[in-house]
Structure formats: structure tokens, C-alpha cells
Amino acid sequence: MNPIWKKYLSATVPRYTSYPSALQFDKLEAGSRRAALDRIDNYDPISLYIHIPFCAKLCWYCGCNMRVENRYERASRYTTALVEEIRQVAGTMAGRGRLTQVHFGGGTPNYLSAEDLAQILDAVEIGFGLTDGTPVAMEFDPRLMNEKQIAAFTAMGVNRASLGIQDFDPFVQTAINRVQSFELIDACVSHLREAGVTDVGFDLLYGLPRQKEPSFRETLRKTVHLGPDRISLFGYAHIPDRLRHQRLIDPEDLPDPISRSQLRDMAADYFQDAGYLPIGFDHFARPDAPIARAMMANRLNRNFQGFTEDPANIVIGFGASAISSFPALHAQNEKDIAAYSASVMKGVDPAARGTKITPRDQKIGAWIKQLLCTGEARLSDYAAVLDLQEADLDRIRSRLDVFIRDGVVSLDGDTLRMREEARVLARTVAAIFDPYVKGAASFASLAV
Amino acid sequence: MREVAATMAHLPVREDETLLAEGTPTENLYVVVSGAFRLVRMMADGRRQITGFAFPGDILGQTDGRELTYSAESLEPGLVCRFPNGYLDRASLRHPEIKDQLIESGQAELHKARDHIVLLGKTSADERVFAFLKMIAGRTGHGLDGEAFYLPMSRQDMADYLGLRMETLSRTLTALRKAGKLSEVTGRLIRFAEAEGAVPASA
């Protein structure tokens with residue numbers, strides 16, 4: 001990364017996986033999600049997000065809503081609530097909407113037994129229609145995978161797998177409390193391939209404790225050697241004030257912001273040299289992967305899971321803390337597992353918090369999404385959304401000046417364009433156009 | 001309509017032929033004389049969604065002059081009657097009832113979609129599959145008298161239409177036979193148990 005971009009690295013901006021971002025969430029009126037569901041039309045594309053909050057072990061870097069669980073009965077009870085929530089929502093839908101994708105996230109979805117996963121998928125099938133071609137994606141903890149589990153899960157329809165890799169170096173793995181051997185990952189990938197999974201993804205993190213260039217290069221080499229179809233490359237966000245377990249990580253071990261960005265740049269170069277295409281600013285994919293095809297067809301999308309080929313602009317979230325997203329509403333289920341389950345079993349909508357999306361929000365959100373997904377957007381489109389006058393546009397241009405001078409963006413007539421190597425700063429640029437971000441606002445995770 | 005249809009030439013359709021293609025302008029309407037068609041829509045993610053099936057007596061095409069919102073693909077060899085849109089406008093001057101039928105037919109796909117949503121809204125695989133079989137029997141006029149009848153569509157088409165995994169569809173057909181609601185399930189050959197066969201389809 002260009003050293004003069006260093007100053008942008010300390011900016012903290014929203015992730016823009018939604019607009020308005022989760023920071024704007026507040027208590028929702030009762031019945032909000034139900035009303036949004038009622039507006040879905042017969043063949044509107046919808047996708048489902050199903051949250052499985054349990055993990056077998058605590059990873060010290062984790063920023064997800066999860067809990068370490070050593071009594072499996074709790075996961076079974078949670079499954080009962082999840083199935084009930086799916087039934088209730090499906091009852092409201094009464095056959096409307098067309099399912100484009102099911103995504104299991106966590107926590108650790110493969111913490112579930114095959115029996116409990118079967119119940120959930122049966123409920124999805126009856127409630128929303130699930131065919132053999134429907135993409136069913138799941139995040140996996142390799143340490144809980146085995147040949148039998150992979151065979152059972154794929155037989156039920158799981159056909160896309162994301163493996164939480166983070167880093168292959170045992171020295172780094174020890175520092176984050178997630179030790180998993182290369183041999184294990186190798187075996188998992190082989191079993192997935194044998195089971196016919198054609199879309200295997202690796203999740204990697206840079207900025208982890210003890211990460212150094214030589215060993216991280218080795219992680220990249222091993223990654224490419226195993227040949228995943230997709231790679232996500234996120235920066236570790238160290239916020240021990242908010243996430244207590246991150247205090248287990250020795251801050252002395254963390255790479256400084258410059259080293260972080262060098263690790264990222266090295267990875268981006270490595271993957272592209274190996275034939276992977278950059279997708280958005282934190283994904284890489286083989287040219288024949290669905291997400292790469294979507295990008296080339298100019299229909300890359302971004303939702304709560306990040307960049308995605310899933311075209312659905314309606315996501316229904318199930319489970320504790322899951323977020324549903326509709327054209328005019330974001331709604332988040334209760335985060336606490338017990339409170340979530342109690343609400344569902346009482347027949348009360350668990351989507352307690354969220355935010356309405358005004359028509360203005362929708363337009364700003366679409367504009368920001370375009371900037372993030374394609375790296376360019378037109379100022380006149382933005383001006384039209386906000387009904388801006390020339391004077392307002394001048395103010396925006398002046399705020400862009402420093403970015404232009406530093407070569408982060410260019411202004412080609414009316415078109416604002418991210419420099420390719422600076423795509424990772426897209427959220428920082430987007431924040432200029434976000435009326436919810438006031439001044440030197442400093443919230444949400446570290447941008448890069 | 002039959003009277004008008006009688007004056008028109010019958011056009012043979014081969015198996016697996018695309019009679020109407022989604023996204024192309026419509027110049028003709030077709031009345032299905034024999035055979036069966038599946039109606040398919042391309043969804044936003046590039047996957048195909050079967051939204052309905054057409055049988056003898058059904059009208060395919062749109063009269064609104066817009067691009068077709070679905071494709072019609074033949075499941076078996078058959079015959080259709082082709083009407084240029086303009087011709088029908090003129091014919092309906094002499095036979096005003098045709099106009100009503102045309103307006104209705106412009107909505108044919110919509111009706112099919114509504115049937116589809118009703119089926120998808122059924123809360124068990126048993127109900128969904130059985131209601132589908134009754135619908136096909138009702139529409140083709142076969143199988144309601146306790147006779148065995150052939151399903152014109154493949155299991156794959158059926159599973160896609162019903163939003164079920166193949167495995168679930170097979171299991172459900174077996175379960176319906178074991179429960180005595182179907183007396184025969186052999187490939188595409190289906191026979192309702194007699195008590196069921198007497199009830200007309202409602203779906």
C-alpha cells in the first residue's frame with residue numbers, strides 16, 4: 001500500500017454490509033418484520049440466513065455472536081426454536097417468494113448434529129421450497145469436520161462450504177487459540193470435493209498476532225496449493241474493550257497498521273498471481289466460481305454476509321441475532337439465545353431491533369453498494385438522490401480533494417473511481433457520502 | 001374458441017421444443033390441442049423456475065404486446081393451434097366471447113402462478129405432492145376414474161415445481177402409496193386409490 005495512505009488506516013467507518021448500518025438499529029415496533037414479510041411478492045427472490053451460535057471452543061479473535069457450548073442438548077433445544085421460527089415465517093409467506101440461497105453462519109454451523117440439521121432443512125424445504133439446485137452454503141470449523149459429517153451434510157443439500165482457516169502457521173494459531181493442522185484442512189477439502197462440493201471457500205485473516213511476512217506467505221502458498229474456489233481476506237479488528245475475550249491476545253504480538261496493510265497487499269498480489277480475481281475489496285475467486293461470474297456480469301451484490309453472488313435483496317434471518325433485510329426494513333432477532341428461544345416458542349416475533357429504511361436511505365445505500373461492489377459511481381446520481389445543488393457538490397468535491405491528491409480515487413468528469421490498489425479503502429470513501437457519519441466519526445470496526 | 005380453433009391449421013410440436021421463449025415479443029397465441037408443456041421463468045440468479053404446466057385447452061402467449069415473461073417448452077409431442085394476435089382481435093368481433101377468453105388467457109400464466117403458490121403454501125410434502133397429482137389429473141382428465149395415468153413431466157420437473165428435493169419427492173410418493181392414497185407409483189405411472197379417485201381436483 002502507498003505509504004501516504006497510512007492516514008486512512010486509522011479511520012474507523014461502518015462495514016456497509018447494510019445501509020443504514022447496524023449502528024442505527026433501535027427498538028422496532030411490534031409486527032414490523034411481519035408487515036415486511038407480507039409485502040413479498042410471489043416470485044420475489046429471497047434468501048435465508050440461519051444463525052447457529054454455538055462453538056466447541058473459543059477463538060480469541062472472534063467478533064461474532066457466539067457462545068462456547070459443551071452440552072449438546074442446548075443446541076438441540078435451539079434447533080427446536082429455529083424450526084419453529086422457520087415454520088412461523090413460512091406460515092406468513094404461504095408459498096410466496098422464491099428461494100435463491102440458504103446460508104448457515106455462526107458461531108459454528110457444523111457444531112450441529114446431522115439429525116438437527118436435517119430438521120432445519122426439512123423445515124426450509126416445506127416452508128420455502130428447497131430443490132437440489134438451491135445453493136446451500138455453510139461456514140465450517142474444520143476441527144469439527146470428518147468424512148461422515150461431510151457425507152451426511154452434503155446428502156441433505158449443503159453444496160457450498162466456507163472453511164474457517166485464518167492462518168496455517170501453528171505459532172499464530174496458538175496465539176488465537178485455534179490450532180488446526182494443514183493435514184486436517186487438506187483432508188476436509190478432499191472429502192468435500194469427493195462429495196461433489198464445487199464451491200469451497202477459505203476464510204483468512206490478516207493482522208493476527210504473530211503474523212509475519214515469511215510465515216504468512218507460507219499460509220498463502222498452502223491456500224493456493226489446496227485450490228479453494230473462493231477466498232475471503234478480512235482484517236482482524238482488535239477491540240478488546242468491547243470483546244472481552246480479545247484481551248487474551250497479547251497486544252505486543254499484533255502487527256502495526258503498516259505491517260497489516262503489507263500482509264494484505266502481499267496476499268492480494270499472491271492470489272492474483274495464482275489466477276484468482278479480486279472480488280470487491282476482500283474476496284478473491286477463481287474465474288469460474290459463481291461469485292466471480294457474478295462480478296463479471298456486473299451483478300455482484302453485498303449483504304450482511306459481505307460480497308455475494310446472491311441476487312436476492314430480501315434476506316430473512318433466522319436464529320439468535322440474525323438480521324433480516326427487506327427493501328424498507330432491517331430487523332435483528334434477539335441476541336440472547338434464551339430470550340430468542342422464549343420469544344419464538346411464545347409465538348412472539350423475535351425481531352426486536354432494527355431500523356426502517358426510508359426511500360432516501362434506499363437510494364444512498366444503493367449508491368454506496370455500487371461504489372463498494374464496482375469501485376465506481378457517479379456523483380450526479382448521488383446529487384440526484386439527495387437533491388443537491390452545485391454548491392453542495394462543490395463541498396463534496398472539496399472533501400474528496402485529499403483522496404484525489406493521494407491517488408485513492410480519481411474524478412473522471414462525473415465518475416468517481418477507486419484506484420484498483422486502493423479498493424480496500426472504499427468504505428472510508430463511502431463514509432464521506434454517508435449522512436449518518438458525522439465529522440470525524442469513529443465507530444464500528446477498523447476500516448482495513 | 002373451439003369454433004375458431006377448428007378453422008385453424010394444427011401445428012405439430014416435437015418433444016422438448018421451445019414453443020415460446022421468455023423475453024421475446026409475442027406475435028401469436030397458441031391453444032394446446034394435445035400434449036403438455038412446462039412454463040419456465042429465468043430467475044435473477046440465472047436458475048430456472050418452473051411456474052406451471054399447460055395441457056389441452058390451455059392458451060399460451062400474451063395479448064399485451066409485451067415481451068414474454070415465461071418460456072413454454074413441450075414435454076411430449078403434441079399439437080397446437082396458432083393464432084396471430086391481430087387475427088384474434090378480428091375474430092372476436094364476430095365471437096365476442098372470445099375477447100373474454102383472451103383477456104383470461106392473457107392472465108393464464110398468472111393463474112398458473114397462483115396455483116403454484118397455493119401448492120407451495122401447503123405445509124407438508126404429502127399434501128403438496130398429492131394436491132399436485134390431483135391437479136394434473138383434473139387438468140388432463142385422466143386418472144380420476146381409478147385408472148392409471150402417466151405424468152407427462154419428469155420427476156426432476158416435478159421436484160423443481162414443488163420446491164422439493166428429489167429424495168423428498170421419492171420418499172413422499174412411497175409414503176402416499178403406503179398410506180393407501182395411491183395404489184400405484186411406477187415411474188411416471190400413477191394410480192389413485194379408488195376412494196380418492198372419485199373426488200374431483202380442487203387445486
**Item:** Region of B/R165 that comes under 4.5 Å of a non-hydrogen atom in chain A
**Value:** both
**Asked** Which pairs with one or both residues in residues 149-161 of chain B pass side chain to side chain donor-acceptor pair (under 3.5 Å), sequence neighbours excluded?
**Response** B/R38-B/D157, B/Q156-B/D160
**Request:** Counting only heavy atoms closer than 4.5 Å, note whether A/R98 contacts chain B via side chain, backbone, both or neither.
**Result:** side chain
**Item:** Heavy-atom proximity to chain B below 4.5 Å, by part of A/M93
**Value:** neither
**Complete:** Cut-off 4.5 Å, heavy atoms of chain B, and the answer for A/D310 is neither
**Request:** May I ask you to check whether A/H330 and A/F304 place their ring centers less than 6.0 Å from one another?
**Result:** yes
**Request:** Report, as yes or no, whether the 6.0 Å neighbourhood of atom CD on B/E127 holds more than 12 heavy atoms from other residues, nucleotides or ligands.
**Result:** yes
**Message:** Does any backbone or side-chain atom of A/L121 lie under 4.5 Å from a heavy atom of chain B? Answer side chain, backbone, both or neither.
**Reply:** both
**Item:** Side-chain H-bond candidate by donor/acceptor type, A/H283 with A/S232, under 3.5 Å
**Value:** no
**Item:** Contact class of B/M43 relative to chain A, heavy atoms under 4.5 angstrom
**Value:** side chain
**Request:** Go through B/F192 and B/F130 one step at a time and tell me if the ring pair (Phe, Tyr, Trp, His ring centres under 6.0 Å) criterion holds.
**Result:** CA-CA 10 Å; B/F192 289 111; B/F130 195 69; 5.6 Å; yes
**Asked** Which bit of B/A159 is near chain A, if near means a heavy-atom gap under 4.5 Å: side chain, backbone, both or neither?
**Response** backbone
**Prompt:** Is the cationic atom of A/R302 (NZ for Lys, CZ for Arg) positioned less than 6.0 Å from the six-membered ring centroid of A/F307 and within 45 degrees of its normal?
**Reply:** yes
**Request:** Please determine, among A/A312, A/G95, A/A90, A/G91, the option with the most heavy-atom pairs under 4.5 Å with chain B.
**Result:** A/G95
